[in-house]
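Following: one structure in structure tokens, then a few remarks.
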Amino acid sequence: MDEEKKKISFIINPKSGTQSKEQILHLLDEKLDKTKYAQEVIYTEYAGHAVEIAAQKAKENVHAVVAIGGDGTINEIARSLVHTKTALGIIPCGSGNGLARHLQISMEPKKAIEIINEGIIDVIDYGKINEVPFFCTCGVGFDAFVSLKFAKAGRRGPLTYLEKTLLESLKYQPETYELETEDGTLKYKAFLIACGNASQYGNNAYIAPQAMLTDGLLDVTILEPFTVLDVPSLSFQLFNKTIDQNSRIKTFRCQTLRIHRTKPGVVHFDGDPMMMGENIDVKVIKEGLQVIIPRYAEKDSSNVLQRAQDYINGLKQINEEIVHKNKMILDKSKEQIKKLTKI
């Protein structure tokens with residue numbers, strides 16, 4: 001009987017994101033369609049382990065490999081599944097969940113499992129930055145710089161990212177870049193250059209709001225130098241999916257892009273930092289990855305009210321983390337006071 005079922009492997013990164021994976025495992029036992037799937041659960045043990053596991057599962061021609069983690073785990077799994085018959089599934093529980101949000105996969109594990117049960121598969125594009133695969137966004141400049149700080153922070157979540165962004169933006173110096181596409185060469189002094197296969201970084205921060213996963217094009221967003229007065233409108237438009245309308249923003253589409261800068265430095269791909277040289281080649285690979293998607297996913301189902309609600313929800317999450325952090329500091333202070341009063 002099991003031979004008739006589709007084999008599906010769930011890969012869990014126990015260190016990704018901010019939530020426990022145990023509840024997801026309980027939901028898998030309860031909600032996954034056992035008449036359709038024969039499942040296995042595998043934990044990653046070190047950085048890059050998901051790449052190895054997914055590559056082996058693709059060789060075994062399993063129906064799907066499902067990432068239970070964040071964008072980094074998804075990247076590791078997806079890079080081993082490109083140009084294979086094995087589909088990528090996602091149960092998002094990372095810090096940003098950019099690809100899952102673009103694909104309109106629910107942030108609720110129960111609903112994400114229901115999407116897997118429906119088993120609708122689409123084929124999407126992916127990108128490469130100096131031959132390193134990415135599936136959501138990549139870039140140079142400030143966002144890459146912050147991703148490096150974020151990776152070293154030791155803590156995850158939107159509060160940490162916000163802290164790093166606010167602190168570093170006050171002292172970051174824009175660089176001059178030469179951009180070469182199939183249509184010609186341009187030069188910009190820029191705070192950041194983002195290349196979007198998908199529309200957002202994660203947490204509903206839309207850096208390339210018009211990007212599509214199936215058009216065979218990169219959506220390039222250039223943020224030119226700005227002042228403190230520009231910050232409120234840029235921040236709001238980033239979450240309101242209208243940043244491409246800001247006067248400080250330049251955008252274009254291309255299939256290939258060479259970025260030349262004056263010195264080596266950090267880049268990011270799907271939020272992960274990596275050091276690269278002066279020349280950076282970015283390209284899109286059309287129809288390279290099979291992905292399990294919602295049955296009724298729309299091209300753009302989010303209206304202004306929904307985006308505003310997403311923005312408010314993001315602020316609520318940040319506020320909850322601030323309250324939790326302050327409570328921990330207060331509790332620690334009380335303990336220290338008790339110890340001092342006993343001396």
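Numbers here simply count residues along the sequence, with the first being 1. In this text the structure is predicted, and so the values were computed from the model without any measurement.
Atom OG1 of T251 is separated from atom CD of Q245 by 10.5 Å, given to the nearest 0.5 angstrom. The CD1 atom of I243 sits 6.5 Å away from the CG atom of N246 when rounded to the nearest 0.5 Å. Here CG of L88 is found 7.5 Å from CD1 of I124. Values are rounded to the nearest 0.5 Å. Separating the OG1 atom in T242 from the CD atom in Q210 is a distance of 10.0 Å, to the nearest 0.5 Å.
In this structure, the side chain of D219 does not engage the main chain of R253 through any donor-acceptor pair within 3.5 Å. Of the possible polar contacts, none joining the E182 side chain to the C254 backbone as a donor-acceptor pair under 3.5 Å is found. Under the 3.5 Å distance criterion, the side-chain polar atoms of K34 are matched with a main-chain donor or acceptor of D29. In terms of modelled atom types and a separation under 3.5 Å, the side chain of D125 and the main chain of G216 share a donor-acceptor contact. No donor-acceptor pair closer than 3.5 Å links the side chain of D272 to the backbone N or O of F269. At distances below 3.5 Å, at least one donor-acceptor pair connects side-chain atoms of R261 with backbone N or O atoms of G277. Between the side chain of D270 and the backbone N or O of F135, at least one donor-acceptor pair lies under 3.5 Å. S199 contributes no side-chain N or O that, together with a main-chain N or O of Y206, makes up a donor-acceptor pair within less than 3.5 Å. Between the N197 side chain and the C136 main chain, no donor and acceptor come within less than 3.5 Å of each other. Panel note: side chain T86, backbone V62; a donor-acceptor pair is recorded below 3.5 Å.
The two residues A190 and I222 come nearest to each other via the heavy atoms CB-CG2, 3.8 Å. Closest approach of D71 to G96, counting heavy atoms only: OD2-C, 4.0 Å. What you find for V123 and T214 is that their closest heavy atoms are O-CG2, 3.6 Å. Among all heavy-atom pairs drawn from P225 and R248, the shortest one is O-NH1, 3.4 Å. Closest approach of G196 to A208, counting heavy atoms only: CA-CB, 4.3 Å. Scanning all heavy atoms of the two residues, the minimum distance from P133 to N75 falls at O-ND2, 3.0 Å.
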Does the side-chain contact (heavy atoms from CB on, under 4.5 Å) test come out yes or no for I116 and F10, once each step is laid out? CA-CA 11 Å; I116 293 167; F10 294 86; 4.2 Å; yes
Tell me, with the steps shown, if E76 and N13 meet side-chain contact (heavy atoms from CB on, under 4.5 Å). CA-CA 11 Å; E76 288 192 2; N13 179 356; over 6 Å; no
One pair to check against side-chain contact (heavy atoms from CB on, under 4.5 Å): I24 and C93. What are the steps and the verdict? CA-CA 9 Å; I24 295 175; C93 51; 4.0 Å; yes
Could you walk me through whether I193 and L179 pass the side-chain contact (heavy atoms from CB on, under 4.5 Å) test, one step at a time? CA-CA 10 Å; I193 299 172; L179 308 182; 3.6 Å; yes
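Taking the side chain as every heavy atom from C-beta outward, D215 and V284 never approach each other to under 4.5 Å. You'll find the side chain of K110 reaches within 4.5 Å of the side chain of K31, heavy atoms only. Two residues are said to be in side-chain contact when any heavy atoms from C-beta on lie closer than 4.5 Å; C138 and V282 meet this criterion. For the pair K241/N204, no side-chain contact is recorded, criterion being any heavy-atom separation below 4.5 Å from C-beta on. In this structure, R258 and I280 have side chains that are not in contact, with every pair of non-hydrogen atoms separated by 4.5 Å or more. Side-chain contact between T44 and I12 is absent, with no heavy-atom pair separated by less than 4.5 Å. The shortest side-chain heavy-atom distance between I207 and D143 does not fall under the 4.5 Å cut-off.
More than 12 heavy atoms of other shown residues, nucleotides or ligands fall within 6.0 angstrom of atom NZ in K286. Counted within 6.0 Å of NZ on K187, heavy atoms from surrounding residues, nucleotides or ligands total 12 or fewer; the atom is thus considered open.
Taking 4.0 Å as the cut-off between side-chain N and carboxylate O, E131 and K128 count as a salt-bridged pair.
Screening F142, Y177, F145 for a ring-ring contact (aromatic ring centres under 6.0 Å, His included) with F191, the sole residue that qualifies is F142.
In this structure, a donor-acceptor pair under 3.5 Å is present between the side chains of S9 and E40. A side-chain donor from one of E60 and Q56 sits under 3.5 Å from a side-chain acceptor of the other.
Between Y126 and H83, the ring center distance clears the sub-6.0 Å criterion.
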